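The structure under discussion appears below in the form of structure tokens.
Worth knowing before you read on, the calculation uses all heavy atoms, side chains too, and leaves out hydrogens, waters and symmetry mates. We're numbering straight along the sequence, starting at 1. All values reported here derive from a predicted model rather than from experimental measurement.
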Amino acid sequence: MKQRLEKLAEWLQCRNLDGIIVAKPENRRFFSGFSGSAGLLLITGNSRYLITDFRYVDQAEQQAIQYEIVRHGPSVYETLAQLIRKTGVRRLGFESDFQTWDSYQKMLEAAPDAVWVPVIPDPLRMVKDLQELACIRQAMQIADEAFQTVLGFLRPGIQEQEVAAELEYQMRKHGAERAAFDTIVASGIRSALPHGRASEKIIENGDFITMDFGAVYLGYHSDMTRTVVVGKASERQRKIYQVVLAAQLAGVQAVRPGYQGHEVDAVARCIIEQAGYAGCFGHGLGHGVGLAVHEEPRLSSTGNIVLGENMVVTVEPGVYIPGWGGVRIEDTVVVTATGVEILTTSAKTLLEL
């Protein structure tokens, strides 16, 4: 935590800011350790305050030991204004990608003499420390173990939402706080939906089943996707699966320090396009993973962040054909000094169940 706050102080100084208001849950936890659902951080050069309500005072005192805990009254903004006056700060950053217009107006009204500067501190979370990497590894192990168990559960005649429920139960059973996001289970022609959340559809013999899911462990996320076939795969299913697998393997190998996100994306995308499926892969190749399940850096055609050691990203190409079905394969990986470490351990060969 000390190193994170020192890095933040340098970041503020470079932007000529006296302090920052942090409200986004991921940033609030990253810079304080506080995991409650309500609170504001006021961080200046000489002081650190965590403003919260009566529900979280005890928790905040236990988790945010670097901060003075302030319980607010009916208006969190009035308490914030009092602290701004107390510290004497003038130029304050606020998270422009998170604060609503309403909350911004309330901050202006509470502290009209402050100069409010829009900032996005999220990139400070991109490079993970050893503790963060350990949490992500554990979250990934939990998801892998859940998937291995659920393979024995898959069969014709059950609903997609039953599969999702079993995945989430198994992740909880193996130590997850919760699922990382709404679990995607899409079978048959619904597997052509990149974000096909589990429905009441009955799984049938011969269906592709795409399962995209993850676990949360101590606030950190994992994310993985596997596509399997219930029954025997058709020749077309095998062909498209092998195209996606080739793209995914190449994409993983392209992840290395010094490369920009769009360069990695292009490696996998080229394989899919050359196989004749241009237009069937409409999303980016991957995204960062950490305290948020989707964060920087992005592996996409517009991704311009240079990858560095200890960044964590997903690699998840897909081919989606409306009215027929689709395939996606996803691993979570860590950028190393010389290449990549794959955290997802489940096999990627086409499984026929």
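- Across every non-hydrogen atom of Gly196 and Ala186, the tightest pair is O-CB, 3.8 Å.
- Under the ring pair (Phe, Tyr, Trp, His ring centres under 6.0 Å) test applied with His294, the options His287, His283, His221 reduce to a single match, His287.
- Within the model, atoms CD of Gln105 and OG1 of Thr100 stand 9.5 Å from one another, a figure rounded to the nearest 0.5 Å.
- Rounding to the nearest 0.5 Å places CD of Gln62 at 11.0 Å from CZ of Phe34.
- Using a 4.0 Å cut-off between a side-chain N of Lys or Arg and a carboxylate O of Asp or Glu, Arg29 and Glu132 do not qualify as a salt bridge.
- Interatomic distance, Ile51 CD1 to His72 NE2, rounded to the nearest 0.5 Å: 8.0 Å.
- Of all heavy-atom pairs between Gly251 and Ala268, the closest is CA-CB, 4.3 Å.
- Within a 6.0 Å radius of CD in Gln131, no more than 12 heavy atoms belonging to other residues, nucleotides or ligands are found.
- Partner Arg226 forms a side-chain hydrogen bond (donor to acceptor under 3.5 Å, both in side chains) with one of Thr344, Asp331, Asp144 and no other, that one being Asp331.
- Residues that satisfy the salt bridge (charged side-chain N to carboxylate O under 4.0 Å, His left out) test with Glu273, not counting sequence neighbours, are absent from this structure.
- Residues Arg269 and Phe281 approach most closely at NH1-O, 2.7 Å, considering heavy atoms.
- Remark: Arg4 qualifies as a cation-pi partner of Phe30 under the 6.0 Å distance and 45° angle criteria applied to the six-membered ring.
- If you take NZ on Lys348 and OH on Tyr241, they are separated by 9.0 Å, rounding to the nearest 0.5 Å.
- At distances below 3.5 Å, at least one donor-acceptor pair connects side-chain atoms of Arg172 with backbone N or O atoms of Glu177.
- Considering all non-hydrogen atoms of both residues, Leu299 and Val313 come closest at CD1-CG2, 4.0 Å.
- Residues Tyr77 and Lys106 share a closest heavy-atom pair of CE1-CD, 3.5 Å.
- Side-chain atoms of Ser191 do not come within 3.5 Å of backbone N or O of Ser187 as any donor-acceptor pair.
- No donor-acceptor distance shorter than 3.5 angstrom exists from the side chain of Thr183 to the backbone of Ala179, with no hydrogens or angles considered.
- In this structure, CD on Glu204 lies 5.5 Å from CG on Asp207, to the nearest 0.5 angstrom.
- For the pairing with Leu245, the side chain to side chain contact (heavy atoms under 4.5 Å, CB included) check across Thr349, Thr227, Ile329, Leu350 returns one residue only, Ile329.
- More than 12 heavy atoms of other residues, nucleotides or ligands sit less than 6.0 Å from atom CG of Asp129.
- A salt bridge between Glu160 and Arg190 is present, with a side-chain N of the basic residue lying under 4.0 Å from a carboxylate O of the acidic one.
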- Start with the C-alpha gap between Phe94 and Tyr104, add the side-chain angles, then the distance that decides, and say whether ring-ring contact (aromatic ring centres under 6.0 Å, His included) holds. CA-CA 9 Å; Phe94 71 96; Tyr104 173 64; 4.9 Å; yes

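- Side-chain contact between Asp212 and Arg328 is present, with at least one heavy-atom pair separated by less than 4.5 Å.
- Closest heavy-atom contact between Asn310 and Val334: CA-CG1, 4.0 Å.
- We find the OG1-CD distance between Thr332 and Glu341 to be 11.5 Å, quoted to the nearest 0.5 Å.
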